[in-house]
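Below, each value reflects all heavy atoms present in this structure, side chains not excepted, and no hydrogens, waters or symmetry copies. Along the sequence shown, the residues carry numbers beginning at 1.
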Amino acid sequence: MNRIFLLCCALLCSVPHLIVAQSPGVKATITARGLSYVMAAGVEVLESNLQNLAIPDVNGSQSVVGLQVQYWVSNIQIQQLSLPNDQLVINPSEEGLDVVIQDVSLDITADWKYREEIWPHISSSGTVDVSVSQSSVTLSFVLGETGGRISISSYNVALTLGDLKIDLHGGASWFLQLFEDVFNNKIKNAAEQAILSQASSAITTQLEPILASIPVIEQIDSLYELNYELVAPVELSSSNYLTIPDKGEFFAINNQTEAPYTPGTLPDIVSAYESNMLQIIVDQYVFETLSLSVLNSKVLERTIVDADLPASSPLRLNTTYFEDLIPPLYSNFPDKMMELYVHVPTTPFVNIVSDVGTTLKAEVEVAFIILPSNETAFVLDVVLSFTVLAEVVGTNLTGSLTYGSSSMSILTTNIGTFDVSALDEILDSAVTLGLIPLANKRLSTGFTLPSVDGITFTNATVVNYDGYLLVSTDVLYSS
(Lines give C-alpha, C1' and ligand atoms only; values in the text may rest on other atoms or scores of the structure.)
Protein backbone atom coordinates (compact mmCIF):
# COMPACT_ATOMS: atom_id res chain seq x y z
CA MET A 1 0.00 0.00 0.00
CA ASN A 2 2.81 2.39 0.79
CA ARG A 3 3.98 2.33 -2.84
CA ILE A 4 0.69 3.50 -4.31
CA PHE A 5 1.48 7.11 -3.46
CA LEU A 6 4.87 6.75 -5.09
CA LEU A 7 3.27 5.04 -8.06
CA CYS A 8 1.02 8.05 -8.50
CA CYS A 9 4.02 10.36 -8.36
CA ALA A 10 5.61 8.31 -11.11
CA LEU A 11 2.55 8.71 -13.26
CA LEU A 12 2.45 12.48 -12.75
CA CYS A 13 5.61 13.21 -14.71
CA SER A 14 6.10 15.31 -17.80
CA VAL A 15 9.31 16.12 -19.67
CA PRO A 16 8.74 19.15 -21.90
CA HIS A 17 12.38 20.19 -22.14
CA LEU A 18 13.86 16.78 -22.98
CA ILE A 19 11.41 15.04 -25.31
CA VAL A 20 11.06 15.76 -29.00
CA ALA A 21 7.29 15.51 -29.32
CA GLN A 22 5.77 13.11 -31.83
CA SER A 23 2.41 11.42 -32.13
CA PRO A 24 2.08 8.53 -29.68
CA GLY A 25 0.97 5.06 -30.64
CA VAL A 26 -0.32 4.47 -27.10
CA LYS A 27 -1.89 6.88 -24.62
CA ALA A 28 -2.40 5.90 -20.99
CA THR A 29 -4.79 8.21 -19.15
CA ILE A 30 -5.43 8.14 -15.41
CA THR A 31 -8.94 9.44 -14.81
CA ALA A 32 -10.07 11.61 -11.90
CA ARG A 33 -11.32 8.49 -10.13
CA GLY A 34 -7.97 6.78 -10.68
CA LEU A 35 -6.11 9.76 -9.26
CA SER A 36 -8.38 9.78 -6.24
CA TYR A 37 -7.60 6.10 -5.64
CA VAL A 38 -3.83 6.36 -5.73
CA MET A 39 -3.60 9.73 -4.01
CA ALA A 40 -5.90 8.72 -1.14
CA ALA A 41 -3.76 5.69 -0.45
CA GLY A 42 -0.62 7.75 -0.83
CA VAL A 43 -1.73 10.36 1.66
CA GLU A 44 -2.23 7.62 4.24
CA VAL A 45 1.36 6.52 3.68
CA LEU A 46 2.71 10.06 3.90
CA GLU A 47 0.72 10.61 7.08
CA SER A 48 2.14 7.44 8.62
CA ASN A 49 5.73 8.30 7.69
CA LEU A 50 5.48 11.75 9.28
CA GLN A 51 4.15 10.64 12.66
CA ASN A 52 6.70 11.23 15.44
CA LEU A 53 8.95 13.01 12.96
CA ALA A 54 11.84 14.80 14.69
CA ILE A 55 12.49 18.37 13.61
CA PRO A 56 15.98 19.90 14.00
CA ASP A 57 16.56 22.20 16.99
CA VAL A 58 16.35 25.95 16.46
CA ASN A 59 17.95 28.80 18.39
CA GLY A 60 18.62 32.48 18.06
CA SER A 61 18.43 35.90 19.64
CA GLN A 62 15.47 38.26 19.51
CA SER A 63 14.27 41.47 21.11
CA VAL A 64 11.03 41.14 23.11
CA VAL A 65 9.42 43.87 25.23
CA GLY A 66 12.66 45.80 25.18
CA LEU A 67 14.80 42.83 26.21
CA GLN A 68 17.37 41.03 24.05
CA VAL A 69 16.81 37.33 24.67
CA GLN A 70 18.66 34.24 23.59
CA TYR A 71 16.39 31.21 23.06
CA TRP A 72 16.71 27.50 22.32
CA VAL A 73 13.94 25.15 21.17
CA SER A 74 14.85 21.44 21.17
CA ASN A 75 13.28 17.96 21.02
CA ILE A 76 10.78 19.25 18.45
CA GLN A 77 8.53 16.40 17.35
CA ILE A 78 5.40 16.03 15.27
CA GLN A 79 3.24 13.93 17.58
CA GLN A 80 0.17 13.78 15.39
CA LEU A 81 -0.49 14.71 11.78
CA SER A 82 -3.80 14.54 9.94
CA LEU A 83 -3.79 14.71 6.14
CA PRO A 84 -7.39 14.26 4.95
CA ASN A 85 -7.24 12.19 1.77
CA ASP A 86 -10.41 13.75 0.42
CA GLN A 87 -8.91 17.25 0.43
CA LEU A 88 -6.44 17.04 -2.48
CA VAL A 89 -5.75 19.48 -5.29
CA ILE A 90 -3.28 18.69 -8.09
CA ASN A 91 -1.92 21.64 -10.05
CA PRO A 92 0.63 21.84 -12.87
CA SER A 93 3.52 24.23 -12.26
CA GLU A 94 6.38 25.64 -14.32
CA GLU A 95 8.82 23.23 -12.68
CA GLY A 96 6.51 20.22 -12.71
CA LEU A 97 3.71 19.50 -10.28
CA ASP A 98 2.20 20.78 -7.03
CA VAL A 99 0.09 18.52 -4.82
CA VAL A 100 -1.89 20.52 -2.27
CA ILE A 101 -3.31 18.74 0.79
CA GLN A 102 -5.91 20.92 2.48
CA ASP A 103 -7.48 20.95 5.95
CA VAL A 104 -4.26 19.69 7.53
CA SER A 105 -3.91 19.55 11.31
CA LEU A 106 -0.87 18.67 13.39
CA ASP A 107 0.31 18.59 17.01
CA ILE A 108 3.90 19.46 17.92
CA THR A 109 5.73 19.16 21.24
CA ALA A 110 9.08 20.73 22.16
CA ASP A 111 11.35 21.80 25.01
CA TRP A 112 12.39 25.45 25.31
CA LYS A 113 14.61 27.71 27.32
CA TYR A 114 15.67 31.32 27.16
CA ARG A 115 18.25 33.61 28.79
CA GLU A 116 18.33 37.40 28.91
CA GLU A 117 21.54 38.73 27.41
CA ILE A 118 21.99 41.49 30.02
CA TRP A 119 22.59 41.18 33.71
CA PRO A 120 21.18 39.59 35.77
CA HIS A 121 20.71 37.07 32.88
CA ILE A 122 17.33 35.82 33.97
CA SER A 123 16.57 32.48 32.38
CA SER A 124 13.76 29.99 32.29
CA SER A 125 12.82 26.70 30.63
CA GLY A 126 9.83 24.46 30.05
CA THR A 127 7.82 22.61 27.45
CA VAL A 128 5.28 23.62 24.84
CA ASP A 129 2.38 21.96 23.04
CA VAL A 130 1.35 23.43 19.70
CA SER A 131 -1.84 22.57 17.80
CA VAL A 132 -2.26 23.71 14.21
CA SER A 133 -5.50 23.31 12.25
CA GLN A 134 -7.14 24.55 9.03
CA SER A 135 -3.73 24.48 7.36
CA SER A 136 -2.37 23.11 4.08
CA VAL A 137 0.74 21.35 2.81
CA THR A 138 1.99 21.86 -0.74
CA LEU A 139 4.42 19.27 -2.09
CA SER A 140 6.29 20.44 -5.19
CA PHE A 141 8.00 18.10 -7.60
CA VAL A 142 10.40 18.72 -10.45
CA LEU A 143 9.79 16.41 -13.39
CA GLY A 144 12.15 14.96 -15.94
CA GLU A 145 13.14 12.01 -18.10
CA THR A 146 15.75 9.29 -17.73
CA GLY A 147 16.34 6.73 -20.45
CA GLY A 148 12.87 7.15 -21.95
CA ARG A 149 11.17 6.80 -18.56
CA ILE A 150 9.52 9.45 -16.44
CA SER A 151 11.52 10.70 -13.45
CA ILE A 152 10.58 12.81 -10.45
CA SER A 153 12.22 14.49 -7.47
CA SER A 154 10.79 16.64 -4.69
CA TYR A 155 12.20 20.14 -4.44
CA ASN A 156 9.98 22.04 -2.03
CA VAL A 157 7.46 21.67 0.78
CA ALA A 158 5.39 24.65 1.94
CA LEU A 159 3.23 24.77 5.06
CA THR A 160 0.45 27.33 5.09
CA LEU A 161 -0.59 27.75 8.71
CA GLY A 162 -4.18 28.34 9.74
CA ASP A 163 -5.39 28.37 13.32
CA LEU A 164 -2.53 28.22 15.83
CA LYS A 165 -2.93 27.25 19.50
CA ILE A 166 0.15 27.39 21.77
CA ASP A 167 0.11 25.94 25.27
CA LEU A 168 3.29 27.15 26.97
CA HIS A 169 4.32 25.38 30.18
CA GLY A 170 6.47 27.67 32.35
CA GLY A 171 8.13 31.01 31.57
CA ALA A 172 6.97 34.62 31.61
CA SER A 173 3.87 35.64 29.68
CA TRP A 174 5.91 37.76 27.27
CA PHE A 175 7.78 34.65 26.10
CA LEU A 176 4.54 33.49 24.40
CA GLN A 177 4.89 36.34 21.90
CA LEU A 178 8.51 35.39 21.22
CA PHE A 179 7.60 31.73 20.73
CA GLU A 180 4.82 32.59 18.28
CA ASP A 181 7.35 34.52 16.20
CA VAL A 182 9.86 31.66 16.40
CA PHE A 183 7.23 29.07 15.45
CA ASN A 184 5.89 31.01 12.48
CA ASN A 185 9.40 31.39 11.10
CA LYS A 186 12.18 29.07 12.17
CA ILE A 187 10.19 26.07 13.45
CA LYS A 188 7.85 26.20 10.47
CA ASN A 189 10.84 26.31 8.11
CA ALA A 190 12.53 23.44 9.95
CA ALA A 191 9.34 21.38 9.71
CA GLU A 192 9.14 22.04 5.98
CA GLN A 193 12.71 20.86 5.49
CA ALA A 194 12.10 17.72 7.59
CA ILE A 195 9.03 16.82 5.53
CA LEU A 196 10.95 17.53 2.31
CA SER A 197 13.76 15.25 3.49
CA GLN A 198 11.26 12.45 4.20
CA ALA A 199 9.66 12.86 0.77
CA SER A 200 13.06 12.85 -0.97
CA SER A 201 14.12 9.74 0.93
CA ALA A 202 10.92 7.94 -0.02
CA ILE A 203 11.45 8.82 -3.68
CA THR A 204 15.01 7.49 -3.60
CA THR A 205 14.30 4.27 -1.71
CA GLN A 206 10.82 3.37 -2.96
CA LEU A 207 9.90 5.33 -6.08
CA GLU A 208 13.01 4.65 -8.14
CA PRO A 209 12.50 0.85 -8.12
CA ILE A 210 8.91 1.43 -9.28
CA LEU A 211 10.07 3.74 -12.06
CA ALA A 212 12.62 1.13 -13.11
CA SER A 213 9.77 -1.38 -13.62
CA ILE A 214 8.01 0.84 -16.16
CA PRO A 215 8.80 -0.78 -19.50
CA VAL A 216 10.70 1.24 -22.09
CA ILE A 217 11.62 -1.70 -24.29
CA GLU A 218 9.28 -4.63 -23.62
CA GLN A 219 10.71 -7.85 -25.04
CA ILE A 220 7.76 -9.93 -26.27
CA ASP A 221 9.73 -13.07 -27.07
CA SER A 222 12.98 -13.96 -28.82
CA LEU A 223 11.76 -12.29 -32.02
CA TYR A 224 9.98 -9.04 -31.14
CA GLU A 225 10.15 -6.09 -28.81
CA LEU A 226 7.81 -3.17 -28.13
CA ASN A 227 9.07 0.38 -27.58
CA TYR A 228 7.17 2.26 -24.85
CA GLU A 229 9.45 5.27 -24.46
CA LEU A 230 7.90 8.69 -23.84
CA VAL A 231 7.38 10.74 -26.99
CA ALA A 232 5.76 13.91 -25.59
CA PRO A 233 5.13 15.63 -22.24
CA VAL A 234 2.61 14.15 -19.86
CA GLU A 235 -0.53 16.27 -19.92
CA LEU A 236 -2.39 17.25 -16.74
CA SER A 237 -5.85 18.49 -17.64
CA SER A 238 -8.05 20.94 -15.80
CA SER A 239 -10.49 18.06 -15.36
CA ASN A 240 -7.93 16.23 -13.20
CA TYR A 241 -6.85 13.46 -15.51
CA LEU A 242 -3.33 12.66 -16.66
CA THR A 243 -2.31 11.44 -20.10
CA ILE A 244 1.01 9.65 -20.70
CA PRO A 245 2.03 9.39 -24.39
CA ASP A 246 4.19 6.41 -25.38
CA LYS A 247 5.79 5.47 -28.68
CA GLY A 248 4.08 2.07 -29.01
CA GLU A 249 6.15 0.69 -31.89
CA PHE A 250 7.00 -2.96 -32.47
CA PHE A 251 10.35 -4.02 -33.90
CA ALA A 252 11.73 -7.32 -35.05
CA ILE A 253 14.85 -7.86 -32.96
CA ASN A 254 16.80 -8.70 -36.09
CA ASN A 255 15.54 -5.57 -37.90
CA GLN A 256 15.34 -2.25 -36.05
CA THR A 257 14.18 -0.18 -39.03
CA GLU A 258 11.59 2.46 -38.14
CA ALA A 259 8.13 1.64 -39.47
CA PRO A 260 6.91 3.82 -42.37
CA TYR A 261 3.64 4.51 -40.58
CA THR A 262 2.32 7.45 -38.57
CA PRO A 263 -0.06 7.17 -35.60
CA GLY A 264 -3.43 8.85 -35.91
CA THR A 265 -4.70 11.58 -33.59
CA LEU A 266 -5.80 9.87 -30.39
CA PRO A 267 -8.13 11.38 -27.79
CA ASP A 268 -6.75 11.90 -24.30
CA ILE A 269 -9.83 10.36 -22.77
CA VAL A 270 -13.04 8.67 -23.91
CA SER A 271 -15.77 10.34 -21.87
CA ALA A 272 -18.14 7.36 -22.03
CA TYR A 273 -15.67 5.38 -19.86
CA GLU A 274 -14.50 8.06 -17.41
CA SER A 275 -15.96 6.04 -14.54
CA ASN A 276 -13.01 3.63 -14.82
CA MET A 277 -9.66 4.48 -13.22
CA LEU A 278 -7.44 3.98 -16.25
CA GLN A 279 -7.83 4.22 -20.02
CA ILE A 280 -5.19 2.87 -22.42
CA ILE A 281 -5.77 3.86 -26.03
CA VAL A 282 -3.89 1.74 -28.57
CA ASP A 283 -3.66 3.15 -32.08
CA GLN A 284 -4.00 0.96 -35.16
CA TYR A 285 -0.39 2.01 -35.81
CA VAL A 286 0.80 -0.34 -33.04
CA PHE A 287 -0.67 -3.35 -34.82
CA GLU A 288 0.63 -2.13 -38.18
CA THR A 289 4.15 -2.07 -36.76
CA LEU A 290 3.54 -5.54 -35.30
CA SER A 291 2.53 -6.82 -38.74
CA LEU A 292 5.64 -5.27 -40.26
CA SER A 293 7.83 -6.77 -37.52
CA VAL A 294 6.37 -10.22 -38.14
CA LEU A 295 7.11 -9.79 -41.84
CA ASN A 296 10.67 -8.59 -41.15
CA SER A 297 11.36 -11.46 -38.75
CA LYS A 298 10.87 -13.95 -41.64
CA VAL A 299 8.62 -16.22 -39.57
CA LEU A 300 6.02 -15.96 -42.32
CA GLU A 301 8.37 -17.80 -44.68
CA ARG A 302 8.31 -21.55 -44.46
CA THR A 303 9.00 -24.61 -46.55
CA ILE A 304 6.59 -27.46 -45.89
CA VAL A 305 7.61 -31.01 -46.79
CA ASP A 306 5.60 -34.21 -46.66
CA ALA A 307 7.09 -35.19 -43.30
CA ASP A 308 5.52 -32.05 -41.80
CA LEU A 309 2.01 -33.35 -42.48
CA PRO A 310 0.29 -35.45 -39.83
CA ALA A 311 0.53 -39.18 -40.44
CA SER A 312 -3.27 -39.27 -40.49
CA SER A 313 -3.53 -36.70 -43.28
CA PRO A 314 -5.50 -38.08 -46.27
CA LEU A 315 -3.46 -35.83 -48.55
CA ARG A 316 0.28 -36.23 -49.12
CA LEU A 317 2.70 -34.00 -50.96
CA ASN A 318 2.89 -36.29 -53.92
CA THR A 319 1.42 -35.36 -57.30
CA THR A 320 -0.51 -38.63 -57.35
CA TYR A 321 -2.81 -37.29 -54.62
CA PHE A 322 -3.57 -34.25 -56.82
CA GLU A 323 -4.44 -36.23 -59.97
CA ASP A 324 -8.18 -35.44 -59.68
CA LEU A 325 -7.79 -32.02 -58.08
CA ILE A 326 -5.21 -30.56 -60.49
CA PRO A 327 -4.95 -32.88 -63.52
CA PRO A 328 -2.20 -30.84 -65.28
CA LEU A 329 0.01 -31.17 -62.21
CA TYR A 330 -0.08 -34.97 -62.35
CA SER A 331 0.18 -35.18 -66.14
CA ASN A 332 3.28 -32.99 -66.19
CA PHE A 333 4.90 -34.53 -63.11
CA PRO A 334 3.48 -38.00 -62.45
CA ASP A 335 4.18 -39.56 -59.06
CA LYS A 336 6.58 -36.85 -57.93
CA MET A 337 7.17 -35.66 -54.38
CA MET A 338 6.67 -31.94 -53.73
CA GLU A 339 7.40 -29.26 -51.20
CA LEU A 340 5.46 -26.07 -50.59
CA TYR A 341 7.23 -22.75 -50.19
CA VAL A 342 4.85 -20.47 -48.28
CA HIS A 343 5.57 -16.81 -47.66
CA VAL A 344 3.81 -13.51 -47.09
CA PRO A 345 5.12 -10.94 -49.62
CA THR A 346 3.50 -7.82 -48.15
CA THR A 347 2.68 -6.55 -44.68
CA PRO A 348 -0.63 -7.97 -43.38
CA PHE A 349 -3.24 -5.20 -43.25
CA VAL A 350 -4.92 -4.33 -39.93
CA ASN A 351 -8.07 -2.22 -39.79
CA ILE A 352 -9.98 -1.14 -36.68
CA VAL A 353 -13.51 0.14 -37.28
CA SER A 354 -16.03 0.97 -34.55
CA ASP A 355 -19.03 -0.85 -36.06
CA VAL A 356 -17.06 -3.74 -37.56
CA GLY A 357 -14.29 -4.48 -35.08
CA THR A 358 -10.69 -5.37 -35.84
CA THR A 359 -9.97 -7.15 -39.12
CA LEU A 360 -6.77 -8.64 -40.50
CA LYS A 361 -6.11 -9.31 -44.17
CA ALA A 362 -3.03 -11.17 -45.35
CA GLU A 363 -1.78 -12.10 -48.80
CA VAL A 364 0.00 -15.47 -48.95
CA GLU A 365 1.94 -16.94 -51.86
CA VAL A 366 2.22 -20.72 -52.06
CA ALA A 367 4.71 -22.23 -54.53
CA PHE A 368 4.34 -25.93 -55.46
CA ILE A 369 7.89 -27.16 -56.08
CA ILE A 370 8.63 -30.52 -57.69
CA LEU A 371 11.31 -32.70 -56.16
CA PRO A 372 14.07 -33.51 -56.71
CA SER A 373 14.39 -31.14 -59.67
CA ASN A 374 13.20 -28.07 -57.68
CA GLU A 375 11.03 -26.96 -60.59
CA THR A 376 8.18 -24.63 -59.71
CA ALA A 377 4.95 -26.09 -61.06
CA PHE A 378 2.80 -23.08 -60.13
CA VAL A 379 2.35 -20.37 -57.53
CA LEU A 380 -0.97 -19.57 -55.88
CA ASP A 381 -1.93 -16.15 -54.56
CA VAL A 382 -4.16 -16.56 -51.52
CA VAL A 383 -5.87 -13.68 -49.70
CA LEU A 384 -7.09 -14.50 -46.20
CA SER A 385 -9.37 -12.36 -44.01
CA PHE A 386 -9.86 -12.71 -40.27
CA THR A 387 -11.64 -10.93 -37.47
CA VAL A 388 -9.63 -10.32 -34.31
CA LEU A 389 -11.13 -10.39 -30.83
CA ALA A 390 -9.00 -8.45 -28.35
CA GLU A 391 -9.26 -8.92 -24.60
CA VAL A 392 -7.26 -8.16 -21.48
CA VAL A 393 -5.71 -11.01 -19.49
CA GLY A 394 -3.83 -9.77 -16.42
CA THR A 395 -2.10 -6.66 -17.76
CA ASN A 396 -1.65 -8.11 -21.24
CA LEU A 397 -3.63 -7.25 -24.35
CA THR A 398 -4.29 -10.61 -26.00
CA GLY A 399 -6.17 -11.66 -29.10
CA SER A 400 -7.77 -14.52 -30.99
CA LEU A 401 -8.42 -14.96 -34.70
CA THR A 402 -11.65 -16.08 -36.33
CA TYR A 403 -11.53 -17.18 -39.96
CA GLY A 404 -13.51 -14.87 -42.19
CA SER A 405 -13.04 -15.54 -45.88
CA SER A 406 -10.47 -16.39 -48.54
CA SER A 407 -9.85 -15.99 -52.25
CA MET A 408 -7.37 -17.86 -54.38
CA SER A 409 -5.93 -17.31 -57.85
CA ILE A 410 -3.03 -18.51 -59.96
CA LEU A 411 -0.11 -16.12 -59.76
CA THR A 412 2.23 -17.98 -62.13
CA THR A 413 2.05 -21.44 -63.73
CA ASN A 414 4.29 -23.77 -65.71
CA ILE A 415 1.58 -26.41 -66.18
CA GLY A 416 -1.15 -24.35 -67.84
CA THR A 417 -4.39 -23.13 -66.33
CA PHE A 418 -6.63 -25.11 -63.99
CA ASP A 419 -9.62 -24.61 -61.71
CA VAL A 420 -8.31 -23.44 -58.32
CA SER A 421 -11.72 -23.89 -56.68
CA ALA A 422 -10.88 -27.58 -56.37
CA LEU A 423 -8.43 -26.54 -53.63
CA ASP A 424 -10.96 -24.52 -51.59
CA GLU A 425 -11.76 -27.31 -49.17
CA ILE A 426 -8.08 -28.08 -48.64
CA LEU A 427 -7.36 -24.38 -48.03
CA ASP A 428 -10.18 -24.03 -45.52
CA SER A 429 -8.99 -27.10 -43.64
CA ALA A 430 -5.40 -25.87 -43.62
CA VAL A 431 -6.46 -22.49 -42.24
CA THR A 432 -8.99 -23.81 -39.73
CA LEU A 433 -7.01 -26.78 -38.44
CA GLY A 434 -3.47 -25.50 -38.91
CA LEU A 435 -3.06 -21.74 -39.13
CA ILE A 436 -5.76 -20.58 -36.69
CA PRO A 437 -4.70 -22.78 -33.71
CA LEU A 438 -1.04 -21.88 -34.26
CA ALA A 439 -1.77 -18.15 -34.48
CA ASN A 440 -4.10 -18.17 -31.48
CA LYS A 441 -1.49 -19.93 -29.37
CA ARG A 442 0.86 -17.02 -30.03
CA LEU A 443 -1.84 -14.36 -29.66
CA SER A 444 -3.02 -15.77 -26.31
CA THR A 445 0.12 -14.36 -24.69
CA GLY A 446 -0.27 -10.93 -26.26
CA PHE A 447 1.82 -8.03 -25.02
CA THR A 448 2.04 -6.11 -21.76
CA LEU A 449 0.20 -2.80 -21.60
CA PRO A 450 2.00 0.17 -19.97
CA SER A 451 1.99 -0.37 -16.19
CA VAL A 452 4.30 -0.96 -13.24
CA ASP A 453 5.02 -4.01 -11.14
CA GLY A 454 2.20 -4.81 -8.71
CA ILE A 455 -0.66 -3.47 -10.87
CA THR A 456 -3.68 -5.66 -11.56
CA PHE A 457 -6.38 -4.67 -14.02
CA THR A 458 -9.97 -5.36 -12.94
CA ASN A 459 -13.26 -5.04 -14.82
CA ALA A 460 -11.34 -4.39 -18.03
CA THR A 461 -13.27 -3.63 -21.21
CA VAL A 462 -11.94 -3.50 -24.78
CA VAL A 463 -13.85 -1.29 -27.22
CA ASN A 464 -13.24 -0.72 -30.95
CA TYR A 465 -13.25 2.83 -32.27
CA ASP A 466 -12.31 4.07 -35.73
CA GLY A 467 -8.55 3.62 -35.89
CA TYR A 468 -7.88 2.57 -32.30
CA LEU A 469 -8.73 0.24 -29.43
CA LEU A 470 -9.73 1.49 -26.00
CA VAL A 471 -8.83 -0.54 -22.92
CA SER A 472 -10.82 0.87 -20.00
CA THR A 473 -10.17 -0.65 -16.60
CA ASP A 474 -10.03 -0.26 -12.86
CA VAL A 475 -6.77 -1.06 -11.05
CA LEU A 476 -5.59 -2.68 -7.86
CA TYR A 477 -2.08 -2.29 -6.56
CA SER A 478 -0.08 -4.37 -4.11
CA SER A 479 3.63 -4.09 -3.35
Please report the C-alpha distance between S354 and D466 in whole Å, then the side-chain angles of each, then the deciding distance to 0.1 Å, and finally whether the side chain to side chain donor-acceptor pair (under 3.5 Å) criterion is met. CA-CA 5 Å; S354 58; D466 290 340; 3.1 Å; yes
Within this structure, what is the OG1-CD1 distance for the pair T319 and I370, rounded to the nearest 0.5 Å? 6.5 Å
Keeping the roles fixed (side chain from E274, backbone from T31), state whether a donor-acceptor pair exists under 3.5 Å. no
State which residue, out of I280, V388, N464, fulfils the side-chain contact (heavy atoms from CB on, under 4.5 Å) condition with L469. N464
Of all the heavy-atom pairs spanning A390 and V462, show the shortest one and how long it is. O-CB, 3.8 Å
Residue of the set N351, I352, T358, L360 for which side-chain contact (heavy atoms from CB on, under 4.5 Å) holds with F287: I352
Roughly how far apart are L83 CG and I101 CD1, rounded to 0.5 Å? 5.0 Å
A side-chain contact here means heavy atoms from C-beta on lying under 4.5 Å apart; do I253 and Q219 qualify? yes
Please evaluate residues V294 and L223 with respect to the criterion side chain to side chain contact (heavy atoms under 4.5 Å, CB included), reporting the C-alpha separation (whole Å), side-chain torsions for both, the decisive distance (0.1 Å), and the verdict. CA-CA 8 Å; V294 172; L223 298 176; over 6 Å; no
Taking it one step at a time, do Y224 and S297 satisfy side chain to side chain donor-acceptor pair (under 3.5 Å)? CA-CA 8 Å; Y224 313 111; S297 69; 2.9 Å; yes
Do other residues, nucleotides or ligands put more than 12 heavy atoms under 6.0 Å from the NZ atom of K188? yes
From CA spacing to verdict: ring-ring contact (aromatic ring centres under 6.0 Å, His included), Y285, Y468: CA-CA 8 Å; Y285 159 88; Y468 63 88; over 10 Å; no
Taking the side chain as every heavy atom from C-beta outward, state whether L309 and L315 have any atom pair closer than 4.5 Å. no
Could you check whether F378 and F368 have their ring centres less than 6.0 Å apart? yes
Would you mind reporting whether V475 and T456 have side-chain heavy atoms less than 4.5 Å apart? no
Minimal heavy-atom distance between G446 and I220, with the atoms involved, is O-CG2, 4.0 Å
Please check: side-chain N/O of S444 versus main-chain N/O of K441, any donor-acceptor pairing under 3.5 Å? yes
Does Y341 offer a backbone N or O that forms a donor-acceptor pair with the side chain of T303 under 3.5 Å? no
Tell me if a side-chain donor or acceptor on N440 pairs with a main-chain N or O of L401 at a distance below 3.5 Å. yes
Step by step, would you call D428 with S406 a side chain to side chain contact (heavy atoms under 4.5 Å, CB included)? CA-CA 8 Å; D428 289 343; S406 64; 3.9 Å; yes
Check: L317 and D308 side chains under 4.5 Å, non-hydrogen atoms: no
May I ask you to decide if Y261's main-chain N or O and E288's side chain share a donor-acceptor pair within less than 3.5 Å? no
Measure across G25 and L266 and return the closest heavy-atom pair with its distance rounded to 0.1 Å. O-CD1, 3.9 Å
Could you check D103 against Q134 for side chain to side chain donor-acceptor pair (under 3.5 Å), going step by step and ending with a plain yes or no? CA-CA 5 Å; D103 200 20; Q134 299 297 312; 3.2 Å; yes
Does any part of the side chain of D424, heavy atoms only, come nearer than 4.5 Å to the side chain of M408, both counted from C-beta? yes
Are the side chains of V286 and L290 in touch, meaning some heavy atoms are under 4.5 Å apart? no
Spacing of D221 atom CG and T445 atom OG1 [to the nearest 0.5 Å]: 8.5 Å
Can we call the ring centroids of Y321 and Y330 under 6.0 Å apart? no
N396 side chain vs L449 backbone, donor-acceptor pair below 3.5 Å: no
Among D283, D268, T243, which one satisfies side chain to side chain donor-acceptor pair (under 3.5 Å) with K27? D268
Correct closest heavy-atom pair for D381 and E365 would be OD1-CG, 4.1 Å
For residues D474 and S275, report the shortest heavy-atom separation together with the two atoms involved. OD1-O, 4.2 Å
Strictly distance-based, threshold 3.5 Å: is any side-chain N or O of E192 a donor or acceptor partner for the main-chain N or O of L159? yes
Just to verify, which of L242, N276, I269 counts as forming a side-chain contact (heavy atoms from CB on, under 4.5 Å) with T29? I269
Heavy atoms, side chains only, cut-off 4.5 Å: are V350 and T359 in contact? no
List the steps, then state whether side chain to side chain contact (heavy atoms under 4.5 Å, CB included) holds for V431 with F386. CA-CA 11 Å; V431 172; F386 306 90; 4.0 Å; yes
Could you measure the distance from the CZ atom of R33 to the CE atom of M277? Nearest 0.5 Å is fine. 4.0 Å
If I compare all heavy atoms of G162 with all of S135, which pair ends up nearest, and what's the gap? N-OG, 2.8 Å
Does the side chain of L278 come within less than 4.5 Å of S472's, by heavy atoms? no
Rounded to the nearest 0.5 Å, the OG1 atom of T346 sits from the CD atom of E363 at a distance of 4.5 Å
Tell me if a side-chain donor or acceptor on Q256 pairs with a main-chain N or O of A252 at a distance below 3.5 Å. yes
Under 6.0 Å from the CD atom of E258, do we count more than 12 heavy atoms belonging to anything else shown? yes
Counting N and O atoms only, with roles assigned by atom type, does the side chain of R302 sit under 3.5 Å from a partner on the main chain of V342, one being a donor and the other an acceptor? no
Stepwise, does the side chain to side chain contact (heavy atoms under 4.5 Å, CB included) test hold for T473 with T461? CA-CA 6 Å; T473 184; T461 301; over 6 Å; no
Short side-chain to backbone donor-acceptor contact, S291 and T347, under 3.5 Å: no
Say you draw a straight line from CE of M338 to CG of L329; how long is it, rounded to the nearest 0.5 Å? 5.0 Å
